[in-house]
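Below is one structure; the comments refer to it alone.
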Amino acid sequence: MPELPEVETIRLRLRPLLVGQRIVRAQVLRKDIVGFPDARGFGRGVVGRTITELGRRGKYLIVRLDQGKELIFHLRLSGHLEVVDRDRKVEYERARLELVGGKALSFVEPRALGRVYLVQANEYPQALAGMLKMGPEPIHEDFDAAYLRDRLRGRTAPVKSLLLDQRIACGVGNIYSDEALFRAGIRPLRRAGNLRNADVVRLARALAAVLEDGIRWCGTTMGDGRYRLPDGQAGSFQKRLAVFGREGKRCRRRGCAGEVRRQKLGGRSTHFCPVCQR
DNA sequence: CTTGTGTCCTGTAGGC
DNA sequence: TGCCTACAGGACACAA
């Protein structure tokens with residue numbers, strides 16, 4: 001669920017609530033939610049620290065602390081962060097950081113696939129190796145058609161699979177890859193290396209544009225309502241999705257009579273309009 | 001190196 | 001109603 005736009009939305013909303021706050025107590029309610037170091041070292045290392053800034057890299061949320069430390073969250077499929085009153089009970093809570101002043105940052109993760117890491121900045125452990133190999137942010141200027149063309153050249157895998165590869169375009173997940181390919185008019189199963197130059201140009205632009213739109217509309221809250229802003233509000237990009245979750249429905253492009261199709265690609269649901277996307 | 005598949009974990013939706 | 005299976009926004013290990 002949380003792809004780049006959702007994590008960025010969470011970052012923007014949490015920042016005013018967290019920056020300047022000091023952590024007075026840590027609780028790990030499920031040990032394996034801590035990816036590094038271990039639950040004990042995590043609690044010990046985090047207590048007494050002050051939050052200085054919130055950052056993001058791909059789908060990772062980075063909570064910077066004093067003493068050069070960083071708390072890094074990955075929400076995977078069902079993770080969620082919220083700031084609650086200290087006495088409030090929270091369902092599926094896996095870790096909690098109590099703050100000065102009676103509030104607490106709650107890490108909620110029903111499926112328990114998400115992780116939180118406590119690291120020294122620039123000393124990332126093996127558990128975070130994926131973060132170091134991560135490609136450029138698609139919404140940053142160094143992600144452009146020339147870069148993308150170079151990364152797709154000669155590749156025989158479906159173009160969607162490569163969009164999901166965080167080493168190529170970080171922050172992209174199942175929803176925004178489908179949406180970007182729709183906007184670019186490219187079928188998800190096309191072999192990446194077979195794309196024409198004009199396709200790649202459109203794809204690079206579409207990817208940045210769809211992620212920026214996702215941020216503008218505060219992310220995508222699907223039917224299960226699992227993704228929420230930290231205050232519990234829903235995002236609204238789901239109202240603007242062109243293909244994702246719209247199997248059997250009419251294509252959104254004006255005058256197009258196509259019906260959105262859904263197909264499996266490497267175990268992931270993949271949506272496209274057979275008329276608009278070739 | 002590239003690619004496709006299985007696995008982690010839990011809740012929920014849908015079929016029978 | 002109850003049971004069983006398939007599936008879910010991600011990432012990584014591993015086999016071919």
Side-chain angles (χ1 to χ4, degrees), chain A residues 1-10 29-36 56-61 72-81 91-95 107-117 124-135 150-181 188-194 210-211 214-215 217-229 234-238 240-241 243-247 262-271:
Chain A
M1 141 208 349
E3 305 180 31
L4 187 154
E6 287 74 32
V7 179
E8 180 64 9
T9 300
I10 291 166
L29 297 116
R30 180 165 167 150
K31 281 178 290 176
D32 58 7
I33 208 73
V34 177
F36 187 87
R56 181 190 57 74
R57 183 82 174 90
K59 300 172 193 171
Y60 291 90
L61 179 73
I72 302 183
F73 290 90
H74 199 300
L75 305 177
R76 288 284 191 112
L77 294 173
S78 57
H80 175 68
L81 288 167
E91 201 181 12
Y92 305 122
E93 183 175 62
R94 308 304 189 191
F107 184 19
V108 183
E109 172 47 311
R111 284 176 73 176
L113 290 169
R115 293 289 182 267
V116 58
Y117 308 84
Y124 289 177
Q126 183 57 35
L128 277 167
M131 211 173 154
L132 297 171
K133 294 182 205 149
M134 207 156 35
D150 186 54
R151 299 304 306 263
L152 302 187
R153 183 179 301 141
R155 303 288 300 262
T156 59
V159 58
K160 173 171 171 175
S161 301
L162 299 191
L163 291 185
L164 293 174
D165 185 338
Q166 303 299 298
R167 294 167 297 185
I168 294 177
C170 74
V172 182
N174 209 31
I175 296 176
Y176 293 92
S177 59
D178 280 4
E179 294 296 312
L181 288 162
L189 278 102
R190 284 270 298 279
R191 288 176 186 270
N194 287 350
V210 79
L211 294 170
I215 295 169
W217 299 104
C218 299
T220 305
T221 300
M222 296 303 286
D224 63 6
R226 201 91 52 91
Y227 160 71
R228 299 255 154 199
L229 309 204
S236 53
F237 196 63
Q238 65 280 3
R240 307 185 125 76
L241 295 174
V243 288
F244 193 89
R246 298 192 65 247
E247 179 186 18
R262 185 164 74 106
Q263 171 172 0
K264 285 279 174 193
L265 196 173
R268 324 292 307 277
S269 268
T270 297
H271 311 73

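All values below come from the heavy atoms of this structure, side chains included, with hydrogens, waters and symmetry mates left out.
Within the nucleic acid shown, A/Pro158 comes within 4.0 Å of sugar-phosphate atoms alone, with no base atom in reach, counting heavy atoms only. Within the 4.0 angstrom heavy-atom criterion, only backbone atoms of the sugar-phosphate kind lie near A/Arg30; the bases stay farther away. Contact annotation for A/Lys264: backbone-only contact, meaning every heavy-atom pair under 4.0 Å involves sugar-phosphate atoms and none involves a base. At a threshold of 4.0 angstrom between heavy atoms, the contacts of A/Arg262 are confined to the sugar-phosphate backbone, with no base atom among them.
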**OP:** Report, as a single string ordered 5' to 3', how protein heavy atoms within less than 4.0 Å touch nucleotides 11-16 of chain C: B base, S sugar-phosphate only, - not at all.
**Re:** SS----
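Comparing the same atom, P, in B/dC9 and in C/dC14 gives a spacing of 16 Å after rounding to whole Å.
The backbone N or O of A/Thr156 lies less than 3.5 Å from a partner atom in the side chain of A/Arg191, making a donor-acceptor pair.
The distance between atom CZ of A/Arg115 and atom C1' of C/dG10, rounded to the nearest whole Å, is 12 Å. Going from atom CZ of A/Arg226 over to atom C1' of C/dA8 covers 7 Å, rounded to whole Å. In this structure, CZ of A/Arg57 is placed 17 Å from C1' of C/dG10, rounded to the nearest angstrom. Counting to the nearest Å, the C1' atom of C/dG10 and the CE atom of A/Met134 are 13 Å from each other. Put simply, CD on A/Glu6 is 13 Å from C1' on C/dG10, counting in whole angstrom units. Computed from coordinates, the A/Met222 CE to C/dG10 P distance equals 12 Å when rounded to whole Å.
Here the straight-line distance linking atom CG of A/Leu4 with atom CG of A/Leu211 works out to 5.5 Å at 0.5 Å rounding.
Scanning DNA chain C for stems, defined as runs of 3 or more consecutive Watson-Crick or G-U wobble pairs whose donor-acceptor distances all fall under 3.5 Å, gives the following ranges: B:2-8 with C:10-16, B:10-16 with C:2-8.
A donor atom on one side chain and an acceptor atom on the other are found under 3.5 Å apart for A/Glu6 and A/Tyr176.
You can see that DNA chain B meets the heavy atoms of chain A within a 4.0 Å-exclusive cut from B/dT2 to B/dG11, reading 5' to 3'.
When each of A/Thr221, A/Val210, A/Ile215 is checked for a side-chain contact (heavy atoms from CB on, under 4.5 Å) with A/Phe237, only A/Val210 meets the rule.
Partners of A/Arg56 according to the salt bridge (charged side-chain N to carboxylate O under 4.0 Å, His left out) rule, which considers only residues two or more places apart in sequence or in another chain, are A/Glu8, A/Glu137. Taking A/His80 as the reference, nothing meets the ring-ring contact (aromatic ring centres under 6.0 Å, His included) condition, with sequence neighbours excluded. Partners of A/Tyr60 under the ring-ring contact (aromatic ring centres under 6.0 Å, His included) rule, at least two apart in sequence or in another chain, are A/His74.
Side-chain contact between A/Thr270 and A/Leu181: absent, with no pair of heavy atoms (C-beta onward) separated by less than 4.5 Å. Side-chain contact between A/Tyr124 and A/Ile72 is present, with heavy atoms from C-beta onward closer than 4.5 Å.
In plain terms, the two heavy atoms of A/Pro5 and A/Thr9 that are nearest each other are O-OG1, 2.7 Å. For the residue pair A/Gln166 and A/Val172, the shortest heavy atom distance occurs at NE2-O, 3.0 Å.
Phosphate contact (OP1/OP2 of C/dC7, side-chain N/O of A/Ser269, threshold under 4.0 Å): absent.
The aromatic rings of A/Phe244 and A/His271 sit tilted relative to each other, their planes meeting at an angle between 30° and 60°.
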